[in-house]
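Each remark here refers to the structure printed beneath this line.
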Amino acid sequence: MKEQPDLLKRELEEARTRKLSLILGIIFVAINLRMPITSISPLLELIRFDLPMSNTLAGFLTTLPLIAFAIISPFVSKLSRKLGVEQLVFYTLLFLVFGSFIRPLGNNLAFLLAGTLLIGIGIAIGNVILPSIIKKEFPFKLGLLTGVYSISMNLFAAIASGLSFPLASNIGLGWRGTLYIFAGFAVLALIIWLPQLNKKQKPFSSANLKGSAPAHRSVWKSKLAWQIAIVMGIQSAVFYINVAWLPVIVQDRGFTASDGGFMLSFMQFGIIPITFIIPIIAGKTKDQRLLMNLASLFICLGIVGLMLPVANLLYLAIISVLLGIGGGMAFSLSMMFFSLRTNTPEEAAETSGMAQSVGYVLAAFGPLLFGFLHDMLGNFEVALLVLLLAGIGLFLAGQGAAKNQKLFHS
């Protein structure tokens with residue numbers, strides 16, 4: 001009789017250990033979903049000095065992963081059904097490891113571009129599949145685990161962007177040595193994920209999941225899915241436009257490039273805590289329209305603040321934090337909508353793939369359009385007005401995406 005309680009206790013301990021192992025794996029995968037991009041941006045001048053390239057090609061290094069996100073994302077759900085999510089994450093990490101070690105090789109631009117493309121493919125798969133894993137394995141802890149995933153991703157992205165140039169220049173590692181240091185995180189994530197391959201998990205199958213939508217129902221035909229995609233797209237475009245142009249706007253007010261970098265840091269500081277807090281709050285509420293309205297309001301206030309010709313660093317720091325808070329809220333809600341508005345992990349993966357495909361098309365071309373308007377007109381006023389209209393579009397699309405409803409009725 002005593003053997004049964006002991007056996008049950010062992011099974012519970014094993015289950016707890018597996019869950020903790022999975023959470024650790026999710027954290028380390030998330031760490032690698034932004035770091036390879038943010039670590040290279042501050043090194044572009046060093047890379048250009050070592051490997052002569054045009055400004056256009058240098059900019060393409062940061063745009064190429066976004067293009068890969070847009071192209072690859074819609075196919076990830078189908079791959080997950082064939083391979084299983086654990087195996088697919090393993091392939092994600094292989095792409096990241098190989099891409100990270102190929103990128104700094106030799107004195108040939110081909111290695112740099114090929115490695116960047118492999119990294120973009122790996123991140124595209126991870127972006128889509130992690131939210132669906134969280135829905136599948138932690139259905140009652142969606143907010144907490146989404147928060148952990150988001151803050152891991154954004155915190156290490158900020159650390160990488162802040163440390164990459166000092167490591168390369170001040171410590172003397174050079175741009176290649178610095179990229180190899182950050183590549184070590186992909187190797188570590190791969191090692192930590194290996195135990196998940198021992199799980200005998202079936203690939204996603206809507207036929208085996210209660211409450212699932214019929215297979216013929218495409219998320220691309222769902223109005224709600226498009227609202228989620230628009231929210232994802234606009235918040236992505238606003239974020240990448242700010243990353244590319246906020247420092248330039250600050251310099252246009254008469255301040256230094258260093259001041260512009262600090263404003264970008266303030267924006268990141270606004271994002272980081274929000275991406276942990278908001279998913280927890282959103283997970284505890286059925287309707288997230290109030291949170292979506294606040295996100296849109298903060299973004300619009302930040303844009304209006306940039307439109308006012310105020311040349312004061314404290315003022316610009318406050319505006320940067322507002323943009324960070326609004327952007328962090330919108331990003332976190334986008335991640336939560338993939339789970340909250342779907343019935344199954346398969347639907348979550350399909351919606352995530354669709355939304356991120358649309359989102360990263362806008363993210364890739366948003367900064368280019370913003371720069372084109374600035375160059376054509378010689379000022380930022382019209383470009384910022386267009387960005388403000390995008391913020392209003394975020395509010396309108398958010399009314400449907402944040403409403404308590406499901407993609408398909410079960």
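Computed from a prediction, not measured in an experiment: that's the story for all the values here.
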Evaluate side chain to side chain donor-acceptor pair (under 3.5 Å) for N293 paired with S296, printing each intermediate quantity in order.
CA-CA 5 Å; N293 293 346; S296 305; 5.5 Å; no
So [Y] and [X], do their side chains get closer than 4.5 Å, heavy atoms only?
{"X": "M354", "Y": "S222", "value": "no"}
{"X": "I230", "Y": "V358", "value": "no"}
{"X": "T116", "Y": "P65", "value": "yes"}
{"X": "F338", "Y": "M232", "value": "yes"}

Keeping the roles fixed (side chain from [X], backbone from [Y]), state whether a donor-acceptor pair exists under 3.5 Å.
{"X": "K406", "Y": "L340", "value": "yes"}
{"X": "R34", "Y": "S152", "value": "no"}
{"X": "S150", "Y": "G147", "value": "no"}
{"X": "K19", "Y": "E137", "value": "yes"}
{"X": "T344", "Y": "E347", "value": "yes"}
{"X": "K135", "Y": "T342", "value": "yes"}
{"X": "W226", "Y": "A397", "value": "no"}
{"X": "N242", "Y": "F239", "value": "no"}
{"X": "Q196", "Y": "G25", "value": "no"}
{"X": "S100", "Y": "A183", "value": "no"}

Does the pair I123 and I37 meet the rule for a side-chain contact (heavy atoms from CB on, under 4.5 Å), with working shown?
CA-CA 10 Å; I123 294 175; I37 299 174; 4.1 Å; yes
Looking at [X], I want to see if its [atom1] is surrounded by more than 12 non-hydrogen atoms of other residues, nucleotides or ligands under 6.0 Å.
{"X": "Y315", "atom1": "OH", "value": "yes"}
{"X": "Y180", "atom1": "OH", "value": "yes"}
{"X": "F365", "atom1": "CZ", "value": "no"}

Step by step, work out the side-chain contact (heavy atoms from CB on, under 4.5 Å) result for L88 and I125.
CA-CA 8 Å; L88 191 54; I125 298 170; 3.7 Å; yes
Gap between atom [atom2] of [Y] and atom [atom1] of [X] - 0.5 Å precision:
{"X": "I23", "Y": "K141", "atom1": "CD1", "atom2": "NZ", "result": "9.5 Å"}
{"X": "I102", "Y": "F95", "atom1": "CD1", "atom2": "CZ", "result": "10.5 Å"}
{"X": "I27", "Y": "L155", "atom1": "CD1", "atom2": "CG", "result": "11.5 Å"}
{"X": "L290", "Y": "T285", "atom1": "CG", "atom2": "OG1", "result": "8.5 Å"}
{"X": "H374", "Y": "D252", "atom1": "NE2", "atom2": "CG", "result": "5.5 Å"}
{"X": "I159", "Y": "N154", "atom1": "CD1", "atom2": "CG", "result": "11.0 Å"}

Ring centers of F28, F185 separated by less than 6.0 Å
no
Classify the ring geometry of F370 against W245: parallel below 30°, tilted from 30° to 60°, perpendicular beyond 60°.
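Answer is tilted, since the angle falls between 30° and 60°.
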So which atom in G366 and which in I241 form the shortest heavy-atom distance, rounded to 0.1 Å?
C-CG1, 3.6 Å
Atom pairs and distances, side-chain donor-acceptor, residues 162-176, under 3.5 Å, sequence neighbours left out:
residue	atom	partner	partner atom	Å
S164	OG	S39	O	3.2
S164	OG	A160	O	3.2
W175	NE1	D50	OD2	3.0
R176	NE	P104	O	2.8
R176	NE	G106	O	3.4
R176	NH1	D50	OD2	2.5
R176	NH2	D50	OD2	3.4
R176	NH2	G106	O	2.5
R176	NH2	N107	OD1	3.0

For L323 and F298, run side-chain contact (heavy atoms from CB on, under 4.5 Å): C-alpha distance rounded to whole Å, both residues' side-chain angles, the deciding distance at 0.1 Å, then the answer.
CA-CA 6 Å; L323 288 168; F298 282 126; over 6 Å; no
Among I319, V386, L387, whose side-chain contact (heavy atoms from CB on, under 4.5 Å) with I303 holds?
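Of the listed options, the one satisfying the test is L387.
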Could you walk me through whether R253 and L316 satisfy the side-chain contact (heavy atoms from CB on, under 4.5 Å) test, starting with their C-alpha distance in whole Å, then the side-chain angles of each, then the deciding distance to 0.1 Å, before giving a yes or no?
CA-CA 10 Å; R253 302 284 166 90; L316 290 171; 3.9 Å; yes
May I have the list of side-chain donor-acceptor pairs in residues 263-279 shorter than 3.5 Å, sequence neighbours left out?
residue	atom	partner	partner atom	Å
S265	OG	G261	O	3.2
T275	OG1	I271	O	3.4
T275	OG1	I272	O	2.8

